[in-house]
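Note on naming: letters A, B, ... go to the chains in the order of the sequence lines (proteins, then strands), and numbering restarts at 1 for each one.
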Amino acid sequence: MKRVKLLSLVLAVIAVMSLCTGFTAARDAEDTRVPEGGFKIACSTGMGGNTWVAQYNEDFTQHCEEYKEMGLVSDYQIVNTNADLTEQINQCTALINSGIDCLILWPASTSGVQPIIELAKANDVLVIINNDPAAFEGTYCVCGNTTKFSEILTRWLATELDGKGNIVRIEGMAGNNSNELRVPVEDEVLAEYPDIVTLASGNGNYSQTVAQEVMTTYLSTYGDKIDGVLAQDVMGDGILKAYKNAGVTPTLMTGDYLKSYLKAWKETPGLRSCSVTYDAYIGCTALDVAINLLQGKTFKDEVLQANPADPSLINSIVVDPAYVVTLEGDQDAPWMEGLTSKAITLDEALELLEDKDDTAALDGGLSTEEVNALFE
Amino acid sequence: MRRPLSYYLRKLLKWSALPAFLLMAASFLIVKYLITGTNINASYITSFLNTNTAVICMSIGVTAVILTGGIDISLGALVSLCNVVAVQLMMHGVHYLPALIIVLLMAVAAGAVNGAVVSYLHVPPLLTTFATQTVFAGLALTVMRVPGGRIAGECTSFYYGKLFGFLPPTILFILVPVVIWKIYRRSPEGTRLYAVGCDEGKAFLSGINVERCRMFAYCFAGFCAGMGAIAYTFYVSAGDPDLGNSLDMRAISAAVIGGVSLSGGYGDVAGGIFGCLFFGMLTNMIVSFKVNVFTQNLLEALILLAGVLMAIAVRNRSMSLKGGLKREGQ
Amino acid sequence: MDRLAMFLPSVGASIVLIVIGQLIVPGFMSINNISSILMTTGLLGIMTIAQNTAIMSGNNGIDLSVGSVASLTAVVCPLLVSDTVGELLFAFLVAMLIGVAIGLMNSVGIQAFRIPPLIMTLIMGSVVDGAKLFVTKGSPATRISPILQSVSDPVIQPFRILTIFAVIMVVLAELMLHRSRFGRALLLTGDNPGAAAICGINTKLVGGAAYAISGGFAGIMGLFLAGYAGATTMSMGSSYTLLSVAAVAIGGTDLAGGKGSYVSCLVGALVLTVLTTILQALNVQEGVRLIVKGLILILIMVVNIYSHRRKS
């Protein structure tokens with residue numbers, strides 16, 4: 001018995017020693033910086049496995065290849081995780097330790113990625129928070145204007161209703177960052193139109209099937225009383241299916257920027273809808289910003305905007321949606337005020353998507369030249 | 001009495017956590033030596049442990065539950081709940097010490113709920129913990145709708161500091177449950193718990209209070225989840241209602257790779273710890289191999305499958321060596 | 001009589017929930033709503049055929065890969081359908097075969113390597129998810145053709161094509177279970193493998209076939225899901241995994257194996273669907289919704305267990 005205990009003790013000591021070699025070793029020299037001729041870029045997406053992310057990855061990869069040809073990027077890598085914070089931290093730690101120059105980070109948890117930021121700062125890695133705004137000192141944030149997204153849709157709906165009518169609302173996923181930013185904006189705009197009554201509001205969880213079920217329930221409960229539907233994105237097809245199942249033709253609803261929805265909209269006569277893009281190209285904009293910063297350029301005055309997650313931090317580039325699609329494509333409509341977005345018609349939108357799959361999303365963004373112009 | 005070397009070798013091979021240990025050691029060595037550009041120094045190991053403490057604690061807890069023949073998939077949601085409660089308490093001015101004690105008590109109480117429903121209401125553990133997972137997740141969302149918040153500065157500086165000059169404080173959160181478990185394991189009650197896992201009917205007939213053993217296992221699992229949650233809260237310094245939700249299956253897989261038998265009665269917590277460390281290293285490896293983003297998940301899952309096959313093959317062999325224990329599979 | 005006892009708690013629960021639904025949500029009992037609930041129940045019901053088979057085969061049987069299999073066929077198989085019924089049937093055949101293939105891999109792990117079903121199917125699910133991502137490069141099938149989407153078309157209100165197919169499959173499965181040699185072999189293997197072996201049943205083969213069947217039905221369900229949704233997203237089927245386990249449990253199947261009824265599981269699916277629909281219609285915070293759902297689930301299961309104990 002004693003011998004066995006001794007043996008186990010010896011094994012345990014060996015195991016601990018092999019780990020402790022790391023503890024007692026002196027800190028190694030800083031990894032050598034890659035010369036200006038080519039930066040190492042890494043992108044960590046906090047969500048995986050849906051077409052929007054696939055498009056984001058594709059756009060990003062293409063853009064990196066273009067920079068590679070110009071010699072500005074020597075190596076790039078994309079990792080993804082499905083809302084798993086632990087995995088993202090593990091991945092980013094590995095990335096930072098492999099000696100990257102810049103990390104474009106789409107946080108799996110907007111509050112939980114602090115350790116990654118700290119590690120990046122300790123290793124002189126530039127961090128750009130992308131797509132889902134999060135506020136951390138010492139980083140930059142490049143994201144789409146998610147609140148404007150909802151503001152345009154809500155104002156369009158209110159204008160179409162002439163300020164009067166009954167609506168149902170289908171929101172995204174509770175606790176999701178985008179959702180929590182958009183709902184108050186919708187509330188704010190609707191407050192300006194006291195004659196618009198919200199009959200019911202539910203969560204579609206950004207899922208076509210859940211949105212379909214919720215809409216079916218609303219159609220059964222309220223039927224003719226519904227004058228319009230206010231919904232967030234990636235749920236348009238589900239809502240249309242609910243209408244189809246119920247045998248009712250939709251007349252007024254906010255739409256989606258997926259080609260499948262745009263096609264279905266075209267094939268539904270009498271449907272008035274509005275689609276606002278939430279651009280997957282935002283990753284490329286982040287890359288453009290990163291390349292400029294890595295080359296040592298500084299932002300011009302007044303270019304940086306307040307961080308959507310924490311307005312007291314001025315470190316963000318917030319990009320307006322690229323396109324607003326309506327039947328008329330009116331650039332001067334009330335919901336277009338103050339935007340840099342392009343108003344286009346449904347036909348123009350379908351033309352832009354002509355060679356793409358049905359699952360493609362209408363996409364656009366600031367061109368590289370436009371981003372470069374933001375710097376000295 | 002002198003014993004031959006083969007005796008000790010056989011004893012080693014019967015160590016339930018051996019496959020997991022080997023996997024961890026192998027992945028550690030691959031990361032250290034085969035992947036260029038990795039500096040495995042103190043800060044690397046510290047941040048590695050920091051990131052994975054929550055999963056490690058969860059797998060310690062879930063091992064205890066599995067040993068009784070049960071399972072617990074609610075621990076991830078419990079971690080989220082503990083995290084948001086801790087953050088909300090601290091943001092409303094509660095001093096961090098009572099806040100953390102409240103959180104730990106709540107975690108144990110949650111475990112007790114699981115244990116009570118399984119033991120006294122006789123609902124199967126998988127379904128019970130599926131339902132409680134939903135409840136805990138719902139409570140977490142009610143306590144904090146959106147990620148955010150801040151915790152007391154002392155907690156963050158403690159966690160990012162050093163114990164005795166060189167140890168990362170996160171080790172404390174892993175050691176405390178392990179020590180508690182080791183003490184319990186050596187006590188007569190601990191042996192009874194293994195007996196319950198091996199064969200509940202016979203254990204009952206031997207006069208063992210089966211319910212009490214189970215209650216301890218589930219409460220202990222809750223406690224572990226609480227410890228892991230506190231560690232994670234210190235690490236990210238904020239709250240998130242979804243914090244731990246994706247970790248359940250990983251903790252269970254780690255425990256199984258660590259040699260615990262899902263029918264109960266065989267295995268130990270060390271295996272689960274090694275399993276979690278292996279998983280962390282695996283993620284590191286996949287990133288460092290610069291695998292295409294669409295191939296990453298497949299590769300990781302395949303390596304995991306291979307790891308489980310090996311672990312279970314070894315375990316089945318050593319279980320039959322021990323003889324007389326309940327076997328898995330037909 | 002024993003089989004009827006299995007039904008009663010879940011039938012009772014569905015009636016109670018439907019009445020509550022009508023009280024809380026006006027228009028709940030409308031034909032459109034009922035037909036939608038029946039469709040969703042049908043989808044979950046097909047999944048329960050898969051899950052029930054795995055659980056009944058014993059050995060702590062369970063199939064946690066069904067959701068992943070359904071997601072895979074949902075994003076891949078619609079490509080095979082453009083506009084003819086022939087293509088549609090072919091697509092279903094392919095979906096089933098993909099599911100069977102994955103199920104067989106599960107069987108190999110469980111029977112040959114003696115890996116516990118929980119872990120084997122869990123990891124297999126991850127492998128399938130990874131394979132799906134690898135094969136589709138993140139972009140699911142392009143367009144769901146109208147003929148596939150027509151599964152949502154009504155036949156006789158409130159029954160739609162999907163609902164009718166689901167019910168037919170469940171009834172056929174139930175008949176197979178109680179009238180065919182394989183069905184009886186399955187039940188005996190799950191209940192008492194030793195006795196089954198003595199009777200000359202190849203328990204390894206029966207157990208293995210159970211997971212192949214499970215995979216096959218999961219594959220079929222995935223294609224139906226794509227048709228129902230009218231659009232595909234990558235993780236469409238994932239939520240159905242644990243839901244199918246809950247539905248099977250509510251339906252009274254013993255999780256240890258050997259006893260069960262497909263029809264009863266379908267009723268269990270109905271209970272879950274009605275519960276979810278009512279909660280969706282309520283204008284409350286998502287957190288509250290989840291808490292209520294969890295508590296009601298525990299309640300239903302306790303009632304289930306209690307009523308079974310009383311009978312025995």
Asker: Could you go through Leu262(B) and Asn60(C), starting from their C-alpha distance and side-chain angles, then the distance that decides it, and tell me whether this counts as side chain to side chain contact (heavy atoms under 4.5 Å, CB included)?
Answerer: CA-CA 9 Å; Leu262(B) 282 178; Asn60(C) 286 316; over 6 Å; no
Asker: Do Val135(B) and Val292(C) have side chains that approach each other closer than 4.5 Å (heavy atoms only, starting at C-beta)?
Answerer: no
Asker: Under 4.5 Å heavy-atom distance to chain B, tell me which part of Leu295(C) shows up: side chain, backbone, both or neither.
Answerer: both
Asker: Is atom CZ of Phe204(B) surrounded by more than 12 heavy atoms (other residues, nucleotides or ligands) closer than 6.0 Å?
Answerer: no
Asker: Closest heavy-atom contact between Leu127(B) and Ala249(C)?
Answerer: CD1-CB, 3.0 Å
Asker: Can you tell me how far the CG atom of Leu299(B) sits from the CZ atom of Phe134(C), to the nearest 0.5 Å?
Answerer: 10.0 Å
Asker: Given heavy-atom pairs under 4.5 angstrom as the criterion, report whether the side chain, backbone, both or neither of Ile296(C) touches chain B.
Answerer: neither
Asker: What are the two closest heavy atoms between Pro124(B) and Leu255(C), and how far apart are they?
Answerer: CB-CD1, 3.7 Å
Asker: As an exercise: rank Leu297(C), Ile62(C), Leu118(C), Val288(C) by heavy-atom pairs under 4.5 Å with chain B and give me the winner.
Answerer: Leu118(C)
Asker: Can you confirm whether Ile312(B) sits close enough to Phe113(C) that some side-chain heavy atom of one is under 4.5 Å from a side-chain heavy atom of the other?
Answerer: no
Asker: Would you compute the distance between atom CG of Leu139(B) and atom CG of Leu290(C) and round it to the nearest 0.5 angstrom?
Answerer: 9.5 Å
Asker: Is any side-chain heavy atom of Leu126(B) less than 4.5 Å from a side-chain heavy atom of Val245(C)?
Answerer: yes
Asker: Considering only heavy atoms from C-beta outward, does the side chain of Asp129(C) approach that of Asn297(B) to under 4.5 Å?
Answerer: no
Asker: For Ile123(C) versus Val308(B), what's the shortest heavy-atom pair and its separation?
Answerer: CD1-CG2, 3.1 Å
Asker: Could you grab the distance from atom CZ of Phe294(B) to atom NZ of Lys132(C), nearest 0.5 Å is fine?
Answerer: 12.5 Å
Asker: For Leu242(C), is it the side chain, the backbone, both, or neither that has a heavy atom closer than 4.5 Å to a heavy atom of chain B?
Answerer: both
Asker: For chain C, which of Pro241(B), Ala311(B), Ala301(B) has the most heavy-atom pairs under 4.5 Å?
Answerer: Ala301(B)
Asker: Hey, could you give me the CG/OG1 distance between Leu133(C) and Thr295(B), rounded to the nearest 0.5 Å?
Answerer: 8.5 Å
Asker: How long is the straight-line distance from CZ of Phe130(B) back to CG of Leu243(C), given to the nearest 0.5 Å?
Answerer: 5.5 Å
Asker: Report the option among Ile252(B), Val256(B), Asn292(B), Thr134(B) that has the most heavy-atom pairs separated by less than 4.5 Å from atoms of chain C.
Answerer: Thr134(B)
Asker: For residues Leu141(B) and Gln285(C), determine if any side-chain heavy atom of one lies less than 4.5 Å from a side-chain heavy atom of the other.
Answerer: no
Asker: Hey, are the side chains of Leu305(B) and Met120(C) touching, using non-hydrogen atoms and a 4.5 Å cut-off?
Answerer: yes
Asker: Could you give the distance from NE2 (His122(B)) to CG (Asn304(C)), rounded to the nearest 0.5 Å?
Answerer: 14.5 Å
Asker: Show the nearest heavy-atom pair for residues Val127(C) and Leu298(B), with the distance to one decimal.
Answerer: O-CD1, 3.5 Å
